[in-house]
Structures are given as C-alpha cells and as structure tokens.
Number of protein chains: 2
Amino acid sequence: MPRKFQSQTKKQPEHDVIYQALKDMILFGDFIPGQPLTIMNLAETLGASATPIREAIRRLTAERALETQENRRVAVPHMTPALLEELDFLRLTIEPELARRAAPHVTPDEIDALERHDDELEHAINIGDVKLYMKANYAFHFTLYQRAEAPTLLKVAESIWLQIGPALRVGCGRFGTAKLTDQHVETTKALRNGDFDRVSTSIREDIIQGMDFVRHSLK
Amino acid sequence: MPRKFQSQTKKQPEHDVIYQALKDMILFGDFIPGQPLTIMNLAETLGASATPIREAIRRLTAERALETQENRRVAVPHMTPALLEELDFLRLTIEPELARRAAPHVTPDEIDALERHDDELEHAINIGDVKLYMKANYAFHFTLYQRAEAPTLLKVAESIWLQIGPALRVGCGRFGTAKLTDQHVETTKALRNGDFDRVSTSIREDIIQGMDFVRHSLK
DNA sequence: GACGGGAACTTTTGATCAAAAGTTTCCACA
DNA sequence: TGTGGAAACTTTTGATCAAAAGTTCCCGTC
C-alpha cells in the first residue's frame with residue numbers, strides 16, 4: 001500500500017470518531033448550556049458501547065468543552081460573565097496572533113476558499129440558518145488559523161470555541177443571526193493585499209463583535 | 001455526613017487518581033521526551049486495569065502532555081524549536097496576566113507560603129535535587145496563579161507546563177540546577193508592596209530566564 | 001546479502017458485565 | 001403535613017476478554 005494513501009484507508013478508532021462527532025455537536029450548537037449528557041444515552045444515540053464514549057468524554061472534559069460534576073455526571077458547562085471575560089481575553093490574545101502568523105502562508109487559492117466560506121456565511125445569515133452560520137464561521141476562522149502552522153496555539157483556539165459554541169447558539173436562537181454583520185470581507189481583502197497587520201486587526205474586530213453578541217445575549 | 005466533609009470522604013474514581021499521578025510524573029520529569037508509554041505497562045506499574053489508564057491517557061493527550069502516534073502508540077512528545085517558540089509566546093501572554101490578576105487577592109499568609117516554596121527551591125538548587133527543584137518551582141507559580149480565580153487561563157498554563165516538564169528535566173540533567181538563579185524574591189517583594197505591575201513583570205522575567213534555559217539545553 | 005511474505009507475538013481497542021455510586025420513590029411514623 | 005430511611009432503580013466505573021491492529025522475526029527465494 002503506498003504510504004500516501006494510508007491515512008485514508010487506515011481505520012480511525014471508534015473513540016476518535018465519537019470524539020469528532022461530539023466535538024462538532026458542541027461546536028455547532030446541538031447541545032444547550034447546562035445540558036446533561038449520560039454515557040448510556042450517548043452510547044445508544046451514537047450506536048457505540050460505553051468504553052469509547054467515555055474516552056471521548058474525557059478528552060472533551062480536558063478541553064473544557066464538557067464538565068464532570070461532583071456527582072460524576074457530565075454536562076455542557078453554563079456560560080457565566082466570569083468565563084466569558086476569560087474567553088474574551090484568550091481569544092483576543094490568541095486569534096489575532098494566529099491570523100498574523102497564517103497570513104504570509106495563505107495562497108490565492110486558499111483566499112478563494114475563505115471567500116466561499118464567507119459566501120456561505122452570508123447565505124446562512126440571509127436565510128436565518130443558525131447551524132449553517134456557525135459551521136461557515138468556524139470554517140472561515142480555522143482554515144485561516146490552520147495556515148499559521150502553530151498547532152499548540154490552534155489547539156487553544158479550538159478549546160475556546162468549544163466553550164463558546166453552546167452559548168453562541170442560544171444567542172442566535174434568541175436574536176437570530178440578523179444582528180451579526182459580516183466582518184470577514186476586510187480580512188480577505190487584507191490577505192489579498194498582503195497587509196498582514198490588517199489581517200490581524202480585522203480578526204480582532206471580528207472577535208470583539210462576536211463576543212459582544214454573546215455578552216449581550218447572556219443578559 | 002455533613003456536606004462540608006463530603007469532598008474529603010467521597011472516593012475519587014480510579015481514572016482520576018491515575019490522571020493525577022501521570023500528570024505529576026510528566027510535570028516533574030519522570031519521563032523523558034520521546035519516551036513511549038504502553039497501556040499494559042502503565043496498568044501493571046500503577047496497579048490498575050486498562051480502562052482507567054486509557055481514560056487518563058486521553059485526557060493528557062487532549063492537554064498535549066502526551067501524543068498518540070499514527071500507530072496508536074502513546075509517547076511523551078519531543079521538544080522542538082517550533083514548539084518551544086509557541087510555548088514561549090503562550091507563557092508570556094498567559095502567565096504574567098495570571099500573576100497580575102492573582103496579586104490583589106494574595107493574603108500575607110499566602111505570601112509566606114510562597115516564600116516557603118521559594119526557600120525549598122533554593123535548597124533544591126543548593127543540593128542539586130532536580131525533582132525537588134521542579135516541584136518547588138511548580139508550587140510557587142501555581143499557588144500564585146491559583147489566586148487569579150481564572151480557571152480557564154489556569155488550565156492553559158497547566159497544559160503549557162506539562163509540555164515543558166520533560167524537556168526542562170533533561171536540561172537540568174545536562175547542566176544541573178546551578179545555572180538557575182532564583183527570580184522569585186522579586187515577585188514576593190512586589191506582592192508585599194502591593195505593586196501589582198511589578199508582580200507581573202517579575203514573573204515575565206522569570207519566564208524569559210526559564211525558557212532561555214530550555215532553549216539553550218535543546219542545542 | 002537483500003527482499004518478500006507470513007507466522008508468532010505484542011498491544012490497542014471495544015463490548016460486556018458485575019460492583020459501586022448516586023438518585024428516586026414511597027411508605028411508616030411522628 | 002412532613003420527615004427519615006429503606007428499597008428500587010439508574011448511571012458510572014473498572015475488570016476482563018476476544019477481536020483488530022501493529023510489530024518482529026524468521027525463512028525461502030532471488
């Protein structure tokens with residue numbers, strides 16, 4: 001078997017598949033803050049046995065995407081003003097940096113891909129599809145961040161987004177996606193112009209707006 | 001049973017105990033970079049069965065303290081210049097901030113405790129006890145950071161330290177602890193004077209020195 | 001000697017189940 | 001009515017084992 005095809009054929013372990021599935025569900029708002037999750041129920045729903053479910057849950061707990069309560073039950077964490085403040089600080093220190101580092105490595109083809117994600121995001125806002133909005137928004141940010149070649153920073157960013165996902169979803173549910181104007185055009189323009197500082201600052205603006213939305217929807 | 005004593009008596013799950021044990025071993029240099037770990041071997045060594053070991057490993061993998069290779073084996077990650085650069089950036093953005101946030105909440109009693117950790121660190125340097133040095137150093141930083149009441153930032157800091165632990169240990173093994181001068185007196189002084197900015201900047205200095213040591217020992 | 005293939009071996013993985021932990025229900029009794 | 005506590009029930013947890021995945025070693029062939 002040629003080495004280049006191995007990664008496609010090599011079977012992913014079940015616990016990894018489940019981790020990815022749960023991660024997406026948290027990221028794109030399938031769970032609401034505070035929602036309890038039971039191993040048994042997840043095993044039934046996802047068609048797996050308890051062991052791989054537990055491993056996936058431990059990973060997500062370590063990433064603060066889930067929390068285990070004192071009675072051993074697992075739940076989606078609630079958003080609080082204090083947590084939001086911490087996440088605000090983290091996003092503003094990590095993500096503009098990721099964007100700045102990514103900028104020099106983004107190819108014209110990849111900018112096209114970013115614009116397609118942005119078009120999808122626009123479309124989602126227009127038709128009011130919250131989940132599609134969240135997916136397109138995630139895709140835009142993380143295809144950019146991926147190019148930073150900074151896996152450790154990227155991992156921190158993913159953890160942050162996992163913690164925001166559920167709260168963002170309820171915010172969109174309450175106020176719709178209407179209030180969310182699109183900040184991403186600025187970013188792609190700056191990428192085309194090779195203006196790396198502006199890539200970073202435009203992401204910063206996007207974060208400020210996004211977190212304001214979450215903060216507002218918390219009240 | 002009175003509620004206030006529950007947390008002391010409530011039995012910790014095995015996977016949690018193992019997680020803590022492995023975490024300490026990584027943090028204080030019991031493993032060297034690149035060292036492979038097998039579930040079977042850990043199960044035997046730690047006197048447990050595979051299931052809780054696997055859960056602990058998944059958590060530590062999520063925290064980048066361990067990595068699973070493409071062949072499903074688990075190993076302690078190697079330190080690389082690129083990783084060190086990322087960790088440098090993260091430490092410098094997260095830890096001075098934790099120190100600054102903690103400073104106003106640290107009581108005189110707690111400053112005394114910090115100084116005791118620092119004495120122990122001095123003592124460890126004098127007798128050349130690497131592991132004691134690492135424990136005292138960790139205790140100093142994290143008793144301070146804990147008071148920041150910023151659990152999410154704290155978790156990021158812990159993940160960073162877990163990634164540095166093994167490399168720091170080999171550095172100390174090669175050069176001894178002699179080169180590590182004690183920067184912590186500055187921090188405790190600033191705490192006593194209520195000079196919160198200087199608490200933050202002195203931690204910054206400490207980080208720069210510590211990371212220089214690791215960088216130097218990489219070559 | 002170098003290479004390919006397969007047998008023997010080791011390790012990880014996922015399903016299962018009994019035991020432990022935690023929750024709920026309900027009834028006796030004040 | 002309200003309280004305590006046992007019983008029934010649910011969920012998590014850890015041990016175990018068979019199957020899958022991965023590695024090593026050896027032998028026959030070139």
Side-chain angles (χ1 to χ4, degrees), chain A residues 1-23 25-26 31 34-77, chain B residues 1-23 25-26 31 34-77:
Chain A
M1 167 93 44
R3 160 168 257 96
K4 60 188 297 205
F5 291 133
Q6 273 198 4
S7 67
Q8 293 173 27
T9 43
K10 209 177 275 182
K11 210 184 65 188
Q12 229 182 342
E14 188 79 355
H15 68 82
D16 224 284
V17 176
I18 288 165
Y19 167 76
Q20 288 295 340
L22 284 176
K23 181 179 166 182
M25 291 170 86
I26 295 166
F31 301 129
Q35 180 169 341
L37 301 179
T38 67
I39 292 168
M40 296 183 96
N41 185 35
L42 288 175
E44 182 158 16
T45 310
L46 302 176
S49 83
T51 314
I53 300 275
R54 281 155 68 181
E55 289 177 68
I57 283 177
R58 297 302 169 228
R59 276 174 80 176
L60 289 162
T61 302
E63 293 172 321
R64 312 201 115 227
L66 297 175
E67 70 185 358
T68 66
Q69 300 160 317
E70 55 314 312
N71 57 352
R72 305 184 167 193
R73 295 289 170 82
V74 176
V76 179
Chain B
M1 166 93 44
R3 160 168 256 96
K4 60 188 299 205
F5 291 132
Q6 273 199 2
S7 66
Q8 293 172 27
T9 44
K10 207 178 276 182
K11 210 184 62 186
Q12 229 181 341
E14 188 79 354
H15 67 82
D16 224 284
V17 176
I18 289 165
Y19 166 77
Q20 289 295 339
L22 284 175
K23 182 179 166 181
M25 292 171 86
I26 295 166
F31 301 130
Q35 180 169 341
L37 302 180
T38 67
I39 293 168
M40 295 183 97
N41 185 35
L42 288 174
E44 184 159 14
T45 311
L46 302 176
S49 83
T51 314
I53 301 274
R54 280 156 66 182
E55 289 177 68
I57 282 179
R58 298 303 169 228
R59 275 174 81 176
L60 289 162
T61 301
E63 292 172 323
R64 311 200 116 228
L66 298 175
E67 71 187 357
T68 66
Q69 301 160 318
E70 57 309 320
N71 57 351
R72 304 184 168 193
R73 295 290 170 82
V74 176
V76 179

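Heavy-atom basis, side chains included; hydrogens, waters and symmetry copies ignored. Chain naming here is simple, since letters A, B, ... match the order of the sequence lines and numbering starts at 1 in each.
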Nearest-Å distance for atom pair [atom1]/[atom2], residues [X] and [N]:
X	N	atom1	atom2	result
His15(B)	dT12(D)	NE2	C1'	8 Å
Leu46(B)	dG14(D)	CG	P	13 Å
Glu14(A)	dA18(D)	CD	C1'	17 Å
Leu37(B)	dT12(C)	CG	P	10 Å
Asp16(B)	dT12(D)	CG	P	15 Å
Leu42(A)	dG14(C)	CG	P	16 Å
Glu55(B)	dT13(C)	CD	P	13 Å
Ile53(B)	dG14(D)	CD1	C1'	11 Å

Exercise. Would one find more than 12 heavy atoms of other residues, nucleotides or ligands at under 6.0 Å from atom CD of Glu44(B)?
Worked result: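 At most 12 heavy atoms, drawn from other residues, nucleotides or ligands, come within 6.0 Å of this atom.
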Exercise. If you pin Asn41(B) and Gly47(A) to their nearest nucleotides in DNA chain C, which one's is more 5'?
Worked result: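 Result: Asn41(B).
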Exercise. Less than 4.0 Å between a side-chain N and a carboxylate O, is that true for Asp16(A) and Lys23(A)?
Worked result: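 No salt bridge links Lys23(A) with Asp16(A).
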Exercise. Among dT11(D), dT13(C), dA21(C), which nucleotide sits nearest the side chain of Thr38(A)?
Worked result: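 For the Thr38(A) side chain, the nearest candidate turns out to be dT11(D).
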Exercise. So which nucleotide from dG22(C), dT13(C), dG14(D) ends up closest to the side chain of Pro52(B)?
Worked result: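 In terms of side-chain proximity for Pro52(B), the closest of dG22(C), dT13(C), dG14(D) is dG14(D).
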For this session: Scan Thr51(A) against the nucleic acid and name what it touches under 4.0 Å (heavy atoms): base, sugar-phosphate only, or nothing.
Result: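 Answer is base: heavy atoms of Thr51(A) come under 4.0 Å of a base.
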Problem set entry | Shortest non-hydrogen contact between Pro77(A) and Arg64(A), atoms and distance |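 Pro77(A) and Arg64(A) have their closest heavy atoms at CG-O, 4.0 Å.
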Exercise. Is Leu42(A) close to Ile57(A) at the side-chain level, that is, under 4.5 Å between some pair of heavy atoms?
Worked result: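 Result yes, sub-4.5 Å side-chain heavy-atom pair found.
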Problem set entry | Close side-chain approach of Ile26(A) and Leu66(A), heavy atoms under 4.5 Å |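 Heavy-atom side-chain distance check passes, below 4.5 Å.
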Exercise. Can you check side-chain contact (heavy atoms from CB on, under 4.5 Å) on Leu46(B) and Val17(B), steps first, answer last?
Worked result: CA-CA 10 Å; Leu46(B) 302 176; Val17(B) 176; over 6 Å; no
Exercise. Does Arg58(B) have any side chain to side chain donor-acceptor pair (under 3.5 Å) partners at least two apart in sequence or in another chain, and if so, which?
Worked result: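 Partners of Arg58(B) under the side chain to side chain donor-acceptor pair (under 3.5 Å) test: His15(A), Glu55(A).
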Taking only N and O in the side chain of [X], is any of them less than 4.0 Å away from OP1 or OP2 of [N]?
X	N	value
Ser49(B)	dG14(D)	no
Lys11(A)	dA21(D)	yes
Asn71(B)	dT23(D)	yes

Strictly under 3.5 Å: I want the nitrogen or oxygen pairs between protein and nucleotides 5-10 of chain C, one per line.
none

Exercise. Going by modelled atom types, is there a donor-acceptor pair between the base of dG14(D) and the side chain of Arg54(B) at under 3.5 Å?
Worked result: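 Side chain to base: no pair below 3.5 Å.
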